[in-house]
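Sequential numbering from 1 along the given sequence is applied to the chain's residues.
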Amino acid sequence: MSGSSSLIDSKTFQALSLCDGKTPIAFPLVPLSLIDHIKLLIEQGIVDVCNPGQTLVDEQRYRQTQSRFVDLVQWSITGKCNLRCRHCFMEAPNAKYGELSTKECLRIVDQLDEANVGRVSITGGEPFVRKDFLHIIDSLQAKEIILAQLYTNGVLLNDAMLTEFERRQSKPTLILSFDGIGTHDWVRGLSGTEKRVIDVITRAVEAGFQVSIETAVYKENLDRLMATYDLMQNLGVVAWKVSAMANAGAWRREGGHRDASQQALFDTYLELAAHHHRDGAPFELALGGLYYGPKGSSLWMSPFNKFSGQADAAKQTACQSCRLHPYIMADGRLLPCIPMTGSLVEQDMPRLTETTLSRALRGSAYFDRIDTRLDQVFANNRGCRSCAHRFKCGGGCRAAAMTAGTDYFGADPDACFSSATGMMKSSRAS
């Protein structure tokens with residue numbers, strides 16, 4: 001079971017509604033078109049024929065929920081961490097957002113179940129600092145909610161924990177941070193973390209886990225990215241995401257003097273992209289908002305080219321990801337996305353200790369944000385309103401716009417740079 005969701009049309013819904021373990025599909029009142037559709041679902045392995053006396057088990061029964069559809073919920077189970085990362089957007093070393101009690105976390109698990117959420121991505125802080133970590137994981141499993149991803153700095157991830165996952169027949173994608181050869185320790189604030197993380201990646205890959213890496217870029221590690229690329233390839237990771245340090249949280253104290261320039265990032269990204277094609281795309285590669293290349297493919301795309309380019313895009317929502325992947329903060333607030341942590345937006349967000357996930361998804365300050373349409377962005381942003389690229393990039397990322405110092409409706413400067421340099425392409429063969 002993957003926990004993934006599929007949208008279905010009305011005919012498929014009608015056909016599946018008849019697959020209740022009781023209704024014979026050859027019943028005279030069942031239209032032939034539905035019978036043929038059920039047979040197709042049987043061929044596809046979605047439906048099976050019940051043997052005499054066999055009934056549906058609980059997880060097979062239709063269950064309606066008063067909630068919006070979400071594909072995956074990202075959940076920070078703690079705002080605490082064992083490292084002192086210089087760029088921590090949530091200021092985990094000071095535990096700014098704390099963490100909910102075990103009882104409160106289990107209530108959130110119940111809320112996820114009631115909202116028919118099939119998959120979660122666990123993050124922190126550092127999830128492994130919680131002594132009840134496995135208790136929370138077991139509670140998710142009891143509700144048949146799949147742990148799809150686990151974010152960790154890797155320092156506390158050992159062979160015993162990998163064994164615990166295997167014992168539960170759970171193999172989430174492990175998303176680890178690695179901030180460049182020779183620079184990781186400085187970023188993480190603790191000597192020896194680079195060696196430790198490389199060892200953990202090696203052990204996890206050998207144990208059959210998919211490992212994805214995220215790298216935060218600043219001026220001093222920009223020239224290490226090519227060597228880091230080679231390391232990622234040698235380690236056998238499935239994905240590598242590279243993005244610039246965000247002017248948020250602890251990184252604000254650096255005052256911007258360590259930030260890499262947009263042009264320097266652009267040039268390095270082009271070099272990395274060329275190597276990625278040359279090597280046959282050995283892993284999925286995401287380079288800021290400028291480039292995305294799937295594993296094993298000769299095609300690439302610009303993530304900023306999100307819309308059709310036609311005027312009717314103005315009625316679309318500014319960010320589809322926020323609608324499908326909401327974020328539960330360590331203190332229980334529901335945010336549109338992780339990068340909005342620390343922004344003014346979080347002040348109005350609903351708390352799941354005071355309401356339920358289903359209610360918050362349907363109608364709240366959270367819903368108002370995720371339902372923002374492009375025409376609202378343009379109406380509040382003169383620069384985007386007059387830009388020829390507005391129906392392609394939609395003004396970029398709302399969180400990035402706020403991080404850059406503008407408001408929620410402001411322009412994302414990286415999206416502007418992408419359009420100015422001509423990187424805003426939909427796809428291209430190597």
So how far is it from [X] [atom1] to [Y] [atom2], rounded to the nearest 0.5 Å?
X	Y	atom1	atom2	result
Ile146	Leu72	CD1	CG	11.0 Å
Leu361	Ile370	CG	CD1	7.0 Å
Thr173	Leu147	OG1	CG	9.5 Å
Leu222	Ser261	CG	OG	8.0 Å

Heavy-atom donor-acceptor pair, [X] side chain to [Y] backbone, under 3.5 Å:
X	Y	answer
Arg196	Val155	yes
Asp132	His135	no
Asn221	Ala216	yes
Asp412	Ala401	no
Glu144	Gln141	no
Arg398	Ala411	no
Ser297	Pro294	no

Within the 3.5 Å criterion, strictly below it, is a donor on [X] or [Y] matched to an acceptor on the partner's side chain?
X	Y	answer
Ser298	His277	no
Asn380	Gln376	no
Thr268	Glu271	no
Asp179	Thr215	no

Open item on the list: So Leu287 and Phe266, do their side chains get closer than 4.5 Å, heavy atoms only?
Closed with: no
- [ ] Assign the ring pair Trp240 / Tyr229 to parallel, tilted or perpendicular, where the plane angle (0 to 90°) is split at 30° and 60°.
- [x] tilted
Indicate, with yes or no, if the rings of [X] and [Y] have centres closer together than 6.0 Å.
X	Y	answer
Tyr292	Trp300	no
Tyr269	Tyr291	no
Phe417	Phe304	no

Could you pull out every donor-acceptor pair under 3.5 Å between side chains of residues 311-322 and any protein atom, sequence neighbours left out?
| from | atom 1 | to | atom 2 | distance (Å) |
| --- | --- | --- | --- | --- |
| Lys315 | NZ | Asp375 | OD2 | 3.0 |
| Ser321 | OG | His325 | ND1 | 3.4 |

Task: Derivation of the ring pair (Phe, Tyr, Trp, His ring centres under 6.0 Å) call for Phe378 and Phe391 - done: CA-CA 10 Å; Phe378 303 151; Phe391 295 129; 5.7 Å; yes
- [ ] Using the test side chain to side chain contact (heavy atoms under 4.5 Å, CB included), find all partners of Thr65 that sit at least two apart in sequence or belong to another chain.
- [x] Ser67, Asn116, Ser358
- [ ] Could you walk me through whether Glu346 and Tyr97 pass the side-chain contact (heavy atoms from CB on, under 4.5 Å) test, one step at a time?
- [x] CA-CA 12 Å; Glu346 75 176 27; Tyr97 295 98; 3.1 Å; yes
Open item on the list: Check for me whether Lys171 meets the cation-pi criterion with Phe209, that is, NZ or CZ under 6.0 Å from the six-membered ring centre and within 45 degrees of the ring axis.
Closed with: yes
- [ ] Report yes or no: is the cationic atom of Arg369 (NZ for Lys, CZ for Arg) closer than 6.0 Å to the six-membered ring centre of Tyr408, at no more than 45° off its axis?
- [x] yes
- [ ] Show your working on ring pair (Phe, Tyr, Trp, His ring centres under 6.0 Å) between Tyr366 and Tyr327 and close with a plain yes or no.
- [x] CA-CA 10 Å; Tyr366 160 82; Tyr327 170 55; over 10 Å; no
Open item on the list: Salt bridge check, Asp259 against Lys219: does any charged N sit closer than 4.0 Å to a carboxylate O?
Closed with: no
Open item on the list: The criterion is ring pair (Phe, Tyr, Trp, His ring centres under 6.0 Å); which residues satisfy it with Trp251, sequence neighbours excluded?
Closed with: Tyr218
Open item on the list: Between Tyr151 and Ser177, is the side-chain contact (heavy atoms from CB on, under 4.5 Å) condition met? List the steps.
Closed with: CA-CA 8 Å; Tyr151 285 79; Ser177 300; over 6 Å; no
